[in-house]
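Below: the structure, in structure tokens.
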2 protein chains.
Amino acid sequence: MGPQRERGFKLTPQRAAIMAYLEGNHSHPSAEDIYAAVLEKYPMVSLATVYNTLEVLKQMGKVTELNIDGERKHFDPETEPHHHMICTRCKKIVNVRKDFDLEVPRDMAEGFTIEGRHADFYGVCADCADEAKAAA
Amino acid sequence: MGPQRERGFKLTPQRAAIMAYLEGNHSHPSAEDIYAAVLEKYPMVSLATVYNTLEVLKQMGKVTELNIDGERKHFDPETEPHHHMICTRCKKIVNVRKDFDLEVPRDMAEGFTIEGRHADFYGVCADCADEAKAAA
DNA sequence: TTCTCTGCAAATGCTTTGCAGAGGC
DNA sequence: GCCTCTGCAAAGCATTTGCAGAGAA
């Protein structure tokens with residue numbers, strides 16, 4: 001199956017570089033973004049290793065996969081529950097740290113046991129609004 | 001660019017079949033699902049036409065693209081705002097028609113002009129919970 | 001040795017695109 | 001004729017997988 005099967009996690013230089021890049025990163029990078037960033041300081045990394053590492057980190061609960069963007073997956077090292085605003089123009093993803101009251105009433109739940117909740121907000125960010133204004 | 005550029009929309013038999021399948025459909029099908037369903041009654045449809053039609057319907061605002069599932073896109077003919085529960089085992093998507101209070105406080109909005117909002121709930125559906133119980 | 005991890009390259013799977021032909025007005 | 005739409009096949013991308021070799025214990 002996956003990389004290591006139920007044994008230890010080996011902290012290789014590649015993995016360390018990826019984790020260092022993700023640490024405290026709020027840019028919600030894609031695998032390709034991470035690959036590009038890590039490559040700069042660490043030329044011996046392959047994209048496959050980035051994907052592999054992300055999978056491991058995901059299973060360790062150190063990273064969350066975001067399926068907000070239909071084009072590619074994004075990764076978020078922030079593990080506390082939070083929400084996102086997405087700019088529909090530049091695709092920027094910004095955190096929203098607010099505790100919304102998201103409970104599905106029992107009569108709508110259809111027997112679901114809900115374990116996670118997440119809100120997306122779609123709109124236009126300040127930068128893109130400025131650009132649009134400048135172009136007009 | 002797209003199919004028809006700013007001219008009329010031609011309601012071909014293929015498109016009618018796709019729209020008929022989507023009408024009142026709450027199963028949140030993928031393009032492949034739609035293709036399979038339409039093929040049964042209408043053998044002369046190609047997957048490319050399904051994608052093409054979905055793109056047109058999306059631009060007409062008659063269908064929403066859901067990026068909930070990282071594996072493939074799903075399509076939803078329900079245009080009124082609503083939310084979704086997703087079973088993490090069988091990937092089933094179920095509507096949640098409740099008007100949650102989803103407003104981003106101005107001091108968190110970072111200049112975003114928010115135009116849409118959507119909540120996802122992740123969990124295990126009743127069927128999958130039963131299966132798990134039976135297997136135990 | 002044993003086991004995981006890595007890079008490369010090939011493969012996969014969803015989605016898009018190019019294009020010639022069909023059909024409507 | 002003019003234009004859009006269609007099916008097919010090829011192309012495009014993001015992501016995954018197979019595998020031989022490297023490296024740590």
Side-chain angles (χ1 to χ4, degrees), chain A residues 1-21 28-60 62-75 91 93, chain B residues 1-21 28-60 62-75 91 93:
Chain A
M1 283 182 79
Q4 85 297 321
R5 51 210 76 163
E6 307 311 322
R7 307 289 179 95
F9 170 77
K10 199 179 277 185
L11 213 194
T12 64
Q14 288 90 333
R15 289 180 172 181
I18 292 168
M19 290 172 76
Y21 174 69
H28 310 86
S30 65
E32 199 80 41
D33 293 335
I34 297 168
Y35 176 56
V38 170
L39 257 195
E40 282 183 23
K41 299 200 170 180
Y42 209 93
M44 319 111 85
V45 191
S46 74
L47 187 52
T49 295
V50 172
Y51 275 108
N52 174 330
T53 300
L54 287 170
E55 177 63 29
V56 174
L57 293 176
K58 206 168 66 182
Q59 284 178 19
M60 288 167 46
K62 295 206 174 230
V63 146
T64 305
E65 184 183 294
L66 300 182
N67 292 323
I68 286 172
D69 177 354
E71 310 308 303
R72 75 202 87 252
K73 293 175 181 172
H74 292 261
F75 297 88
K91 309 291 181 186
I93 302 174
Chain B
M1 287 179 78
Q4 84 297 320
R5 50 210 77 161
E6 309 309 321
R7 306 291 180 94
F9 170 77
K10 199 178 278 187
L11 213 197
T12 64
Q14 288 88 334
R15 290 181 171 181
I18 292 168
M19 292 172 74
Y21 174 68
H28 310 86
S30 66
E32 198 81 40
D33 292 336
I34 296 168
Y35 176 57
V38 170
L39 257 196
E40 282 184 22
K41 299 199 170 180
Y42 209 92
M44 320 113 83
V45 192
S46 74
L47 187 51
T49 294
V50 172
Y51 275 107
N52 175 329
T53 300
L54 287 170
E55 178 62 30
V56 174
L57 293 176
K58 204 168 65 181
Q59 285 179 19
M60 288 167 48
K62 297 206 173 229
V63 146
T64 305
E65 184 183 295
L66 301 183
N67 292 323
I68 286 173
D69 177 354
E71 311 307 304
R72 76 202 87 252
K73 294 176 179 168
H74 292 261
F75 298 87
K91 310 293 181 186
I93 302 174

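Note on naming: letters A, B, ... go to the chains in the order of the sequence lines (proteins, then strands), and numbering restarts at 1 for each one.
For the pair A:Ile18 CD1 and C:dG7 C1', the interatomic distance rounds to 13 Å; values are reported in whole Å. Protein atom OH of A:Tyr35 is 14 Å distant from nucleotide atom P of C:dT6, rounded to whole Å. Rounded to an integer number of Å, the gap from B:Leu11 CG to D:dT6 C1' is 15 Å. The separation between A:Asn52 atom CG and C:dC8 atom P is 15 Å, rounded to whole Å. Note: CZ (A:Phe9) to P (C:dT4) measures 14 Å, nearest angstrom. With rounding to whole Å, A:Asn67 atom CG is found 15 Å from D:dA14 atom P. Taking atom CG of residue B:Leu57 and atom C1' of nucleotide D:dC5, one finds them 14 Å apart after rounding to whole Å. B:Ile34 places its CD1 atom 14 Å from the P atom of C:dC14, with the value rounded to the nearest Å.
When each of A:Glu65 and B:Leu47 is assigned the nucleotide of DNA chain D bearing its nearest heavy atom, the one mapping closer to the 5' terminus is B:Leu47. Mapping B:Lys73 and A:Thr53 onto DNA chain C via the closest heavy atom, the residue that lands nearer the 5' end is A:Thr53.
Proximity of B:Arg15 to the phosphate of D:dC5: a side-chain N or O atom is located under 4.0 Å from OP1 or OP2.
The nucleotide whose nearest atom lies closest to any side-chain atom of A:Thr12 is, among D:dT15, C:dC5, D:dG7, C:dC5. Considering only the side chain of A:Val45, C:dG7 comes nearest among C:dG7, D:dT15, D:dG7. Considering only side-chain atoms of B:Met44, the nucleotide from D:dG7, C:dC5, D:dT6 that sits closest is D:dG7. Comparing atom distances between the B:Arg72 side chain and each of C:dT15, C:dC5, D:dT6 picks out C:dT15 as nearest. With C:dT15, D:dA24, C:dC8 as the choices, the nucleotide that has an atom nearest any side-chain atom of A:Ala48 turns out to be C:dC8. Here the nucleotide nearest the side chain of B:Tyr51, chosen from C:dC14, C:dG7, D:dT15, is C:dC14.
Salt bridge A:Lys73/A:Glu32: absent, no basic N to carboxylate O contact under 4.0 Å.
The distance from the OG1 atom of B:Thr53 to the CZ atom of B:Phe9 is 7.0 Å, given to the nearest 0.5 Å. To the nearest 0.5 Å, atoms CG (A:Asn52) and CG (A:Leu47) are separated by 11.0 Å.
A:Gln14 comes within 4.0 angstrom of sugar-phosphate atoms only, judged by non-hydrogen atoms across all strands, and of no base.
A side-chain donor from one of A:Asp33 and A:Ser30 sits under 3.5 Å from a side-chain acceptor of the other.
Sparse packing is recorded around NZ of B:Lys62, with 12 or fewer heavy atoms of other residues, nucleotides or ligands lying under 6.0 Å away.
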